[in-house]
Every structure is written in structure tokens, then in C-alpha cells.
Amino acid sequence: MSESNGMKRLLIVGSIIIGLLLVILLVAWILSQRKPRFVEYSKAIDLMQTAAAKYYEKNNDKLPVEDGDYVLSYETLVENELIVPLNELLADGDQCNAHIMVTNKSNTYTYTPYLNCKDGYQTTELYKILTQEDKIVTSGAGLYKDETMGYYYRGDVTNNYIRLGTITKNDKEIDNLWRVISIEPDNTIRIKKVESTNSRYLWDDRYNVDFQNNFGYNKFELSKIKSTLDMLQNRDSVMSELYRNKIVPKKLCVNSRKEDDTAKDASIECATLTEKEYNFGVMYPYEFMRASLDENCKRTTSMSCSNYNYLANDPDHEFEWSLNANPDISNEAFVFTGSTYEYYRTSSEQFLYLTTYLSDKVFFDKGTGTKEDPYLIR
């Protein structure tokens, strides 16, 4: 055999081998395209939320008109080719079911994915995470259960922080941290903002005939602090719209309270409620007293109430207004100093540390509740 014939044969064999390899690679690529590309649960939830938003962009006439919660089926999204079937999206998709809860709140819509997999991810409301049996205590610092008041934190608690995105304060972007005060009987979650408002505000400085001066009156519905709260209801500096859509407006407790009142429930402050509902309010004196483990915390103004109390003794705390006034003097309202409650003239200026209620349909994402690892929600 000549050398040239041998070279030709090698070239032919090499070409065949290369051709076979190319065919194998092509088949493998085709198969890879047909094989489902599974995603993590968190990614699946994001895809569901995006698909729901796109569905209503194309079908605006199908948005619910009345306020409330409505169900958008996962199958509807698949039929509209906005998302793939669950068994193509998740490795255990055959064992999962899903839908999207559509909430209309004054024509502002939120889309909350529900995903439940037999041995995997389970969509869980935050209040259920907070009130798990092993987290409830009967002594020491922690979450207490009460048949009428629901659940509330007491003592030097360090695991009740929740992060609701970010806000801008003093021209800096910071975490929007809040602390859980209680889980109410209706499963809404009452929280208090860690940061104060950017500005101080008057309670009221109208001319008071009792004092012949602009010392103000302490009737909430006629006060300037009411106007301030009205102004703060939809401010991004308090909470972004994304999270405001997850809160429940409620009437505020504005009844007056005496210095020597001892009640640690809502019976005094909530004997009078505001005429309308608010997104944001402030902490009540009874909540501060209730949070202390000191048995000597017996009066609204007792310094003992600051002992063993997660709401007290923050060195960076600013004086903050309460909405509860002095029933005996027409120009005084309670101020929380960081360690106790004291009456101040309503014409003075103080900060606000706002409170609100998260919906019972807010879902747990991750976190352990510490300041460094706060609860995150969906």
C-alpha cells in the first residue's frame, strides 16, 4: 500500500469519527433543550408573581373591582403561555400545587404566590412562624400567649426584628427595620418602627383659653398631630408602596390615661377610637408596660417598667409622642422618653416612632428575627 493511500484512509476514518462526534453533540444539545430546566423554589415564586402581573397587563378587564382577595389559578397562567407547568418548573413539580392570591386594596393590586410541595417548600404565613408552639414561653423573655390579647413579646427579646425593604434617612439608604410587638387575635402582626421620623412634630399648639396661651389642646380629632399622621400615611420615607400594600389600616386608640393607671391591656387607651382608620399610628403606654418583666411595673410612669423590657433603654432613642393625653390638664399628652412615660405640653415638639399592622396574609421568606438576620417577608 502506497503512503498516499494510507494517508487518504486515515483522513476518511478521522472524518467519520469527527462526524460521529458532531452528531452525538447535536443529539445531546437537542435532548438538553427538551429536558426541563428546573429552578429553585424561590425562583419559581418570583416567576409566578411576574407571570401574574403580565397576565393582568394583557387582561386588565379581569382585575377584581371590589376590595378583597381573589384566586388566580396556576393553570390559567400556563394556558396563556406565561409560565411552564409545575412538573417542568420544579424537580418535584408533580407533588406540588400552586395558585396566586390577588389582593385589591383601593385599586392597588398585589400578587401573592402560594406554592405547596408535599415534601418540599410550603408557603407559610408569617404569623404561623412567629407563633409556633416551641416559641411560646410562660416565663422569662419571649412570646406570651393570652386568650383575649393574642400573643405579645415580653422581656429583653432579641429575635423580633423584621426588615421591610429600605428607606432614606438623613440622605442615607438604610434597612427599614421594625420590631414585632404582638400578634393580634385576628392574626395581624403589630410592629413598631426602629427609626424615628426624620422630623419632630407638635401635638398641638392652638390657643388654649385655660392658659391664655398657644399651649394647644389634647383632643386628638382636633389636633395637629392628627394632621401629621394624615400626612405620613403614604410616605415612602416610612414604608415603600410594595410593603404598604401588605398592611392593614385600623382605628387608633386615643383615650386619655392617668399617670397612676395600672391596666396593662387595651381597656383604657382603646376606650376611645379614632373616627377613621390609619395605616400608621404609635405605641400605647399599656404596650410598654406589658412588655416589662419587672413585677414593680405597676403605674404608667414607673421607672421599673424599663427593666427587662426590649422596648426600653435604647441609647439612640428619641423622645416620642403618644396619642394618649392627660384627662385632667387640657394641654398635656404622654411622651415616651425611652425609659418611662411622662406628660409633656402639647405645644412641644417630639419625634414619632410609627406602628402598623401587617396582614395575616404576609408570608415568611427567611430569617431568624435577630437584628443581624431579621425576618424577611413575601
Side-chain angles (χ1 to χ4, degrees), residues 66-70 101-106 108-112 114 123-133 135-136 142-154 157 159-165 176-194 229 232-234 238-254 264-267 269-271 273-288 290-291 310-311 323 352-365 367 369 374-378:
E66 302 294 331
D67 281 7
D69 298 320
Y70 304 84
M101 182 71 74
V102 182
T103 301
N104 179 8
K105 180 181 172 184
S106 301
T108 298
Y109 297 90
T110 55
Y111 310 112
T112 307
Y114 277 71
T123 296
T124 306
E125 292 85 350
L126 179 62
Y127 80 85
K128 291 181 180 178
I129 296 295
L130 297 176
T131 59
Q132 289 173 340
E133 199 64 36
K135 294 182 179 179
I136 300 170
L143 184 69
Y144 285 70
K145 182 178 180 180
D146 184 273
E147 293 302 324
T148 57
M149 291 191 290
Y151 302 83
Y152 54 90
Y153 285 96
R154 299 184 69 200
V157 179
N159 65 340
N160 61 344
Y161 286 89
I162 181 168
R163 179 181 179 272
L164 302 178
N176 192 9
L177 284 179
W178 299 66
R179 299 196 79 169
V180 179
I181 294 176
S182 58
I183 299 90
E184 302 296 292
D186 63 358
N187 295 324
T188 55
I189 302 168
R190 183 162 166 79
I191 57 176
K192 180 184 180 184
K193 199 172 178 65
V194 170
L229 285 178
L232 292 172
Q233 292 308 295
N234 294 300
V238 177
M239 184 184 292
S240 69
E241 183 180 8
L242 172 65
Y243 292 100
R244 287 201 304 274
N245 290 334
K246 299 179 185 295
I247 66 178
V248 177
K250 294 191 179 186
K251 292 185 176 183
L252 308 179
C253 301
V254 293
K264 297 181 183 180
D265 56 21
S267 59
E269 288 90 334
C270 296
L273 300 177
T274 53
E275 295 173 357
K276 68 177 186 179
E277 295 179 334
Y278 289 80
N279 284 339
F280 302 106
V282 298
M283 182 175 70
Y284 306 124
Y286 83 85
E287 293 177 304
F288 174 67
R290 183 179 66 181
Y310 72 95
L311 291 168
L323 301 183
L352 298 174
Y353 285 76
L354 298 175
T355 61
T356 191
Y357 295 88
L358 290 176
S359 166
D360 61 333
K361 296 180 180 62
V362 163
F363 298 103
F364 171 74
D365 185 14
Y375 290 116
L376 302 182
I377 64 172
R378 285 191 173 275

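Keep in mind that what you see is a predicted model, and the values were worked out from it rather than measured.
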Is there a donor-acceptor pair closer than 3.5 Å between any side-chain N or O of [X] and the backbone N or O of [Y]?
X: Asn160; Y: Val180; result: yes
X: Thr188; Y: Glu184; result: no
X: Asn176; Y: Gly165; result: no
X: Lys135; Y: Ile129; result: yes
X: Arg244; Y: Met239; result: yes
X: Glu125; Y: Asp360; result: no
X: Asn104; Y: Glu66; result: yes
X: Arg290; Y: Asp265; result: no

Does [X] reach the side chain of [Y], with side-chain heavy atoms less than 4.5 Å apart?
X: Ile162; Y: Leu126; value: yes
X: Leu232; Y: Leu352; value: yes
X: Arg378; Y: Thr112; value: no
X: Tyr161; Y: Arg163; value: no

### Query
Can you name the nearest heavy-atom pair linking Leu143 to Ile183, along with the distance?
CD1-CD1, 4.0 Å
### Minimal non-hydrogen separation, Ala291 against Leu311, with atom names
CB-CD1, 3.9 Å
### Query
Has Lys128 got its NZ or CZ under 6.0 Å from the middle of the six-membered ring of Phe364, at an angle within 45 degrees of the ring axis?
no
### Message
Can you tell whether the side chains of Asp186 and Lys250 come within less than 4.0 Å, N to carboxylate O?
### Response
yes
### Message
Under 4.0 Å between a side-chain nitrogen and a carboxylate oxygen: does that hold for Glu287 and Arg190?
### Response
yes
### Task
Mark yes when over 12 heavy atoms from residues, nucleotides or ligands other than Glu275 sit less than 6.0 Å from its CD; otherwise mark no.
no
### Message
Below 30° counts as parallel, above 60° as perpendicular, anything between as tilted: where do the rings of Tyr114 and Phe363 land?
### Response
perpendicular
### Message
Show, in sequence, the C-alpha distance, side-chain angles and deciding distance for Met283 and Tyr353, and conclude whether the side chain to side chain contact (heavy atoms under 4.5 Å, CB included) test is met.
### Response
CA-CA 8 Å; Met283 182 175 70; Tyr353 285 76; over 6 Å; no
